[in-house]
Q: 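Before we start, here is the structure in question, set down as C-alpha cells.
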Amino acid sequence: MPGRSASPACGALIADEIGLETGVYGVYRLRSLYQPVFRISSGRLIPEGLEASVLPLVDFRPVKPEVLFSSADSVAEGELQSLCNLMHIGNHLHTGQESLSLHLPFGPALLRGPKALDHLALAFARLAETALSPRSLVFCVSGTGPDDQGISSRFLETIRSAGVRIAVDGFGGQPDVLETVDRVQPDIVNVDGSWFRRVAKTTSAVRLMRQMAENLQRAGIRVSIKGLEDPVHLLAAMSVGADLVQGTLLARPKEAGSVTDLRPLNAARVLRDPRKVVVSLRQGWR
C-alpha cells in the first residue's frame, strides 16, 4: 500500500505499491539514479558497486541536480541531501543488484555543523528498516581542506565502527584533497573525471598519475577513476593501475525499479567497440 516513510523535515518520501520511493521537495519530485562501479581484474570489469545520485523533476521534466540544490538555503541543503540519501538507501532494494555496495554522496552540508550526527543517525535508521548492512555502504565525502574540521573525529569513529567505508571525492579536481586524504585515511580515493580525461591525453601525465596511484595503494587506499567517456580513458585508467572505474563508456545511470542486466565486461571488447557494450539506461524518463 502506498505510504510515506520517515524523512527530514524539509521534504517527504512517498512509496508506491511496490515500495519504490519518490522524494517530494517543494515543486520537485526526486528519483534515485544508480551508476555501476566496476573493479578491474585480469582484463575484466567486474561490477562491484552502485553510485547513487538524484534525478530531480519539475512537471515531469528532468532538471539538473545543481538547480535543485541551489533552491535550498545553507540550512536546508543538509536536510535535502539527507532526504536524497534516505531515498537512495530505500530504493537500493529495487535495483536488482542488492549484493553490490552502495556509494552515497556525503557533501559538506551533511558533514558540518551540529546536525552531522543527526543525519548519520537517520541514515543508520534507514539501513535498519531496509536490512541493508552498513558494511555495504561507501560514504563519498568532499569539500574539505586542511583547515576544515567539517569531518569530526566522532563522525569518522561512528561510521568506521559500523563498518561503513569512506571515499574522498575530487582528487585532481579540488584543492587540498591530499590533505583531506591524509587526515581522513579513506578506503577509496575518487579521481575527478574531467581532470582525468585531460590527463589521459598526455603520456607523461599518465605516467605521473601512475606514480600517485601507487603511492595511494601502498597506503592501503584503492583508486577509483570516474567519468570515463571514451576507450582512451579506460586504457589510461588501466595504465595507471586503477582499482575501480566508472563512466558512461561502461554504463549510464539508471533509475531504481528498471530491469538491470549487469554483468562483467571484457575490457578488450570495450576498447575495441564500446558501442556494443553501452546501453542507454535513461530511456525510462526521456
Side-chain angles (χ1 to χ4, degrees), residues 34-53 97 100-103 105 138-142 165-182 184-254 262-281:
Y34 302 90
Q35 185 175 37
V37 178
F38 294 86
R39 171 171 49 89
I40 300 176
S41 176
S42 302
R44 303 181 75 207
L45 306 176
I46 312 297
E48 178 168 303
L50 296 172
E51 182 182 51
S53 60
Q97 303 294 333
L100 300 185
S101 59
L102 177 60
H103 296 232
V138 179
F139 283 172
C140 302
V141 303
S142 62
R165 287 169 288 168
I166 302 173
V168 169
D169 277 339
F171 185 93
Q174 296 181 6
D176 303 320
V177 170
L178 286 177
E179 287 85 350
T180 301
V181 170
D182 184 60
V184 174
Q185 292 296 302
D187 303 278
I188 302 170
V189 163
N190 289 328
V191 178
D192 180 77
S194 60
W195 180 79
F196 185 77
R197 291 193 294 272
R198 296 194 297 272
V199 168
K201 296 178 181 179
T202 308
T203 301
S204 59
V206 170
R207 190 180 302 117
L208 178 61
M209 180 62 209
R210 181 176 181 84
Q211 296 175 0
M212 299 171 74
E214 289 173 348
N215 289 337
L216 291 167
Q217 290 162 340
R218 277 194 290 269
I221 300 172
R222 303 172 82 191
V223 176
S224 176
I225 298 180
K226 306 173 75 170
L228 305 187
E229 298 177 351
D230 186 270
V232 70
H233 304 149
L234 175 60
L235 183 60
M238 296 176 71
S239 297
V240 304
D243 301 288
L244 305 169
V245 288
Q246 179 184 350
T248 56
L249 172 70
L250 307 174
R252 298 182 183 276
K254 179 179 181 179
L262 191 56
R263 301 176 182 178
L265 303 177
N266 185 311
R269 181 184 175 190
V270 180
L271 295 170
R272 182 173 62 248
D273 190 356
R275 292 172 299 176
K276 294 182 180 179
V277 178
V278 175
V279 177
S280 174
L281 300 177

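Every value quoted in this text rests on a predicted model; they were computed, and no experiment measured them.
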Q: So how far is it from Asp169 CG to Ser224 OG, rounded to the nearest 0.5 Å?
A: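 With rounding to 0.5 Å, CG (Asp169) is 9.0 Å from OG (Ser224).
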
Q: Please enumerate all residues that pass ring-ring contact (aromatic ring centres under 6.0 Å, His included) together with Phe196, with sequence neighbours excluded.
A: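 ring-ring contact (aromatic ring centres under 6.0 Å, His included) list for Phe196, sorted by chain: empty.
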
Q: Return the minimal non-hydrogen interatomic distance between Gly241 and Gln217, and the atom names on each side.
A: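 That would be O-NE2, 2.8 Å.
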
Q: Could you tell me which non-hydrogen atom of His233 sits nearest to which non-hydrogen atom of Gly227, and how far apart they are?
A: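 Closest approach of His233 to Gly227, heavy atoms only: ND1-O, 4.5 Å.
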
Q: Can you list everything that forms a salt bridge (charged side-chain N to carboxylate O under 4.0 Å, His left out) with Arg263? Sequence neighbours excluded, please.
A: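 Result, salt bridge (charged side-chain N to carboxylate O under 4.0 Å, His left out) vs Arg263: Asp261.
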
Q: Please determine which of Glu51, Gln246, Gln35 meets the side chain to side chain donor-acceptor pair (under 3.5 Å) test together with Lys226.
A: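 Considering Glu51, Gln246, Gln35, a side chain to side chain donor-acceptor pair (under 3.5 Å) with Lys226 is found only for Glu51.
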
Q: Which atoms form the tightest heavy-atom contact between Gly172 and Trp195, and what is the distance?
A: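 Between these two residues, the closest heavy atoms are O-CD1, 3.1 Å.
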
Q: Drop me the distance from Arg165's CZ to Ile188's CD1, to the nearest 0.5 angstrom.
A: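 The CD1 atom of Ile188 is 5.5 Å from CZ of Arg165, to the nearest 0.5 Å.
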
Q: Just how far is it from atom CG of Asp192 to atom CZ of Phe171, taken to the nearest 0.5 Å?
A: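 The CZ atom of Phe171 is 10.5 Å from CG of Asp192, to the nearest 0.5 Å.
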
Q: Which atom names give the shortest non-hydrogen contact between Pro231 and Val270, and what distance separates them?
A: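 So the minimum-distance heavy-atom pair works out to CG-O, 4.0 Å.
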
Q: Just verifying a value: how many Å separate Leu100 CG and Tyr34 OH, rounded to the nearest 0.5 Å?
A: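 OH of Tyr34 is found 12.0 Å from CG of Leu100.
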
Q: Rounded to the nearest 0.5 Å, how far apart are CG of Leu271 and CG of Leu249?
A: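 Between Leu271 CG and Leu249 CG, I get 8.0 Å after rounding to 0.5 Å.
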
Q: At their closest point, which heavy atom of Ala52 faces which heavy atom of Pro105, and how far apart are they?
A: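 Looking at all heavy atoms of both residues, the closest pair is O-CD, 3.6 Å.
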
Q: Which pairs of donor and acceptor atoms, one on a side chain in residues 204-214, lie under 3.5 Å apart (sequence neighbours left out)?
A:
unit_1, atom_1, unit_2, atom_2, d
Arg210, NE, Glu214, OE2, 3.3
Arg210, NH1, Ser239, O, 2.5

Q: Pair Val138, Asp187 - check side-chain contact (heavy atoms from CB on, under 4.5 Å), show working.
A: CA-CA 9 Å; Val138 179; Asp187 303 278; over 6 Å; no

Q: Just so I know, are the side chains of Val240 and Val191 near enough to count as touching, which here means a heavy-atom distance under 4.5 Å?
A: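 Sidechains of Val191 and Val240: no contact.
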
Q: Please give me the minimum heavy-atom distance between Pro264 and Arg44, naming the atom from each residue.
A: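 Where Pro264 meets Arg44 most closely, the heavy atoms are CB-NH2, 3.3 Å.
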
Q: So how far is it from Ile40 CD1 to Asp243 CG, rounded to the nearest 0.5 Å?
A: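 Here the rounded value is 7.5 Å.
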
Q: Do Thr180 side-chain atoms and Ser142 backbone N/O form a donor-acceptor pair below 3.5 Å?
A: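 Side chain of Thr180 to backbone of Ser142: no pair is present.
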
